[in-house]
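Below: the structure, in structure tokens.
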Amino acid sequence: MAKSSLDKGKKKLGRFAVAATAAALVTATAGTAVADQAPAPGAQKAAGAVAGATKQAPPEGARKAAPKARAFSAQTIGAAPLLGMVGIDKKNEAWYYALDGNGGLDTRESLGDFTGVKTGVAVDDDGDDLVDGSWIWDTDGYMWSSYQDDYVGHGWNIYDTLFSPGNLGGAIGSDVLGRDKSGVLWVYLGYGNGKVTGRYRVGGGWGVYTQIAGHGDLTGDGKADIVARDKDGVLWLYKGTGNYKAPFAARTKIGKGWNTYNALVGAGDVDLDGTADLIARDTKGDLYLYKGTGKAAAPYATKVKIGHGYQIYKTMFS
């Protein structure tokens, strides 16, 4: 019997969830092969596999990650998740990049066929900065959770942008932001088990932005923030408030010239310093890391090139 689209969705979710968990394990063990610590279980058993593998990587491991200790003194635990990155190429094969422990991405590993996947995100739901699970949205409008090993909702095709910035509502669990096609931004609060609440309206006018991204705290106050690029190439910072009814403060200008990039990825803490960072891809396919400073007035340090050849991907996410 041919597998249904829902069966295929489970398998794709499992591959991503297992790989995202591997990122946390690689960072926590600082150079030890993942297979030595947690043999990868069957990808189709995503819900139990992610939970089981993640428990083998205690939070203390990430805080002592080589080559340098993470600077948690000014951070709230759970504000700088360790994620890695996924790219889906034009043939619909997905590739996973773990953190290399030196402020960049490691050699890619294939996750297999991701035909029908729209986007996804790895999430930290217990505040230890390590991956606990993942969400994937497919082109049929389904939202999948690795916790549930099944889809948790339908109708998500009303949104042209979907991602998790981390925790916006005050609880530990990660939340979801979606922008609809009329430019209204909505937040779904996460229960910490892969399920989400009904949506709450953040506000209208977000259609002026060509990219919205962020995953974790940029400003050093322990609250998740996001950035948004407008059509003129100006990047704006929206500081998190911790109040889901009004999750963002008024925007502040970061800088101009960001139209040189065709993809922005809120990649969590790439350089292991305890502050969330941003990955940007230019039109040539070069990849740059903007390290978070923890300062609202200037949230990013000067860009650092961390790779090339990334034009092969039609979709990238963390």
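In this text, all values refer to a predicted model and were calculated from it rather than measured experimentally. The figures that follow rest on heavy atoms only: side chains count, while hydrogens, waters and symmetry mates do not.
- Side-chain heavy atoms closer than 4.5 Å link hydrophobic residues (I, L, V, M, F, W, Y) into clusters, and following such links, even through other members, never connects Y191 to W156.
- For D140 (side chain) and Y142 (main-chain N/O), no donor-acceptor pair under 3.5 Å exists by modelled atom type.
- Side-chain atoms of V176 and V121, non-hydrogen and from C-beta on, never get closer than 4.5 Å to each other.
- Between L185 and L177 there is a side-chain heavy-atom pair separated by less than 4.5 Å.
- Residues W186 and D180 meet the side-chain proximity criterion, which asks for heavy atoms closer than 4.5 Å.
- A cation-pi contact, defined as under 6.0 Å to the ring centre and within 45° of the axis, is absent between R179 and W206.
- Annotation: Y188 is not in aromatic contact with W135 [ring centroid separation under 6.0 Å not met].
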Stepwise side chain to side chain contact (heavy atoms under 4.5 Å, CB included) test for I226 and L237: CA-CA 6 Å; I226 63 173; L237 169 69; over 6 Å; no
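- The two residues M143 and W137 have their closest heavy-atom pair at CG-NE1, 3.3 Å.
- Within 6.0 Å of the NE2 atom in H154, the count of heavy atoms belonging to other residues, nucleotides or ligands exceeds 12.
- Under the 30°/60° scheme for interplanar angles, the aromatic rings of Y97 and Y310 are found to be tilted.
- At distances below 3.5 Å, at least one donor-acceptor pair connects side-chain atoms of D225 with backbone N or O atoms of G240.
- Remark: K253 NZ to D230 CG distance equals 8.5 Å, nearest 0.5 Å.
- The closest donor-acceptor contact from the side chain of D124 to the backbone of D129 lies under 3.5 Å.
- In this structure, F248 is a member of the same hydrophobic cluster as V234, with clusters built from ILVMFWY side-chain heavy atoms closer than 4.5 Å.
- To the nearest 0.5 Å, atoms CG (D89) and CZ (R108) are separated by 7.0 Å.
- Closest approach of D175 and L168 over heavy atoms only: OD2-N, 2.6 Å.
- Residues L278 and I212 fall into different hydrophobic clusters, defined by Ile, Leu, Val, Met, Phe, Trp and Tyr side chains chained together at heavy-atom separations under 4.5 Å.
- Going from atom CG of L287 over to atom CG of L105 covers 6.5 Å, rounded to the nearest 0.5 Å.
- A 6.0 Å sphere centred on NZ of K314 holds more than 12 heavy atoms belonging to other residues, nucleotides or ligands.
- In summary, the side chains of T241 and N243 do not present any donor paired with an acceptor at a separation below 3.5 Å, with no hydrogens or angles considered.
- For the pair S318 (side chain) and G84 (backbone), a donor-acceptor distance under 3.5 Å is present.
- Nearest heavy atoms, G120 versus F317: O-CD1, 3.1 Å.
- Atoms NZ and OG1, from K239 and T252 in turn, are 8.0 Å apart once rounded to the nearest 0.5 Å.
- Not a single donor-acceptor pair under 3.5 Å links the side chain of H215 to the backbone N or O of A276.
- Under the 4.5 Å side-chain contact rule for hydrophobic residues, V202 and I158 do not share a cluster.
- T119 contributes atom OG1, which lies 9.0 Å from atom CD1 of I136 (distance to the nearest 0.5 angstrom).
- Linking Ile, Leu, Val, Met, Phe, Trp and Tyr residues whenever their side-chain heavy atoms come within less than 4.5 Å places I279 and L99 in a single cluster.
- For Y147 and D125, the side-chain atoms include at least one donor-acceptor pair closer than 3.5 Å.
- A perpendicular orientation is assigned to the rings of Y300 and Y290, their planes being inclined by more than 60° (bins at 30° and 60°).
- Side-chain atoms of T139 never come within 3.5 Å of backbone atoms of K118 as a donor-acceptor pair (strictly under, hydrogens ignored).
- Q211 places a side-chain N or O within 3.5 Å of a backbone atom of L264 that can act as its donor or acceptor partner.
- Residues K284 and Q311 fail the side-chain proximity criterion, which asks for heavy atoms closer than 4.5 Å.
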Chi angles and distances behind the side chain to side chain contact (heavy atoms under 4.5 Å, CB included) call for V227, I254: CA-CA 9 Å; V227 295; I254 295 176; 3.7 Å; yes
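- Between the D286 side chain and the Y288 main chain, no donor and acceptor come within less than 3.5 Å of each other.
- Among all heavy-atom pairs drawn from Y313 and R281, the shortest one is O-NH1, 2.7 Å.
- Judged by distance alone, with hydrogens and angles left aside, the side-chain atoms of N259 form no donor-acceptor pair with the main-chain N or O of Y261 at under 3.5 Å.
- Here the closest heavy-atom approach between residue K223 and residue D217 is recorded as O-OD1, 3.1 Å.
- Going from atom CG of N157 over to atom CG of L162 covers 9.0 Å, rounded to the nearest 0.5 Å.
- Side chain of D106 to main chain of A98: no donor-acceptor pair is present (N/O by atom type, distance under 3.5 Å, no hydrogens or angles).
- For the pair R251 and W236, the distance from NZ or CZ to the six-membered ring centre is under 6.0 Å and the angle to the ring normal is within 45 degrees.
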Apply side chain to side chain contact (heavy atoms under 4.5 Å, CB included) to residues D277 and D269 and explain how you reach the verdict. CA-CA 5 Å; D277 308 311; D269 182 13; 3.5 Å; yes
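- Heavy atoms only, all atoms of each residue included: S146 and S134 are closest at OG-N, 2.9 Å.
- In this structure, E93 and S110 have side chains that are in contact, with non-hydrogen atoms separated by less than 4.5 Å.
- The aromatic rings of W144 and Y151 sit perpendicular to each other, their planes meeting at more than 60°, with 30° as the lower class boundary.
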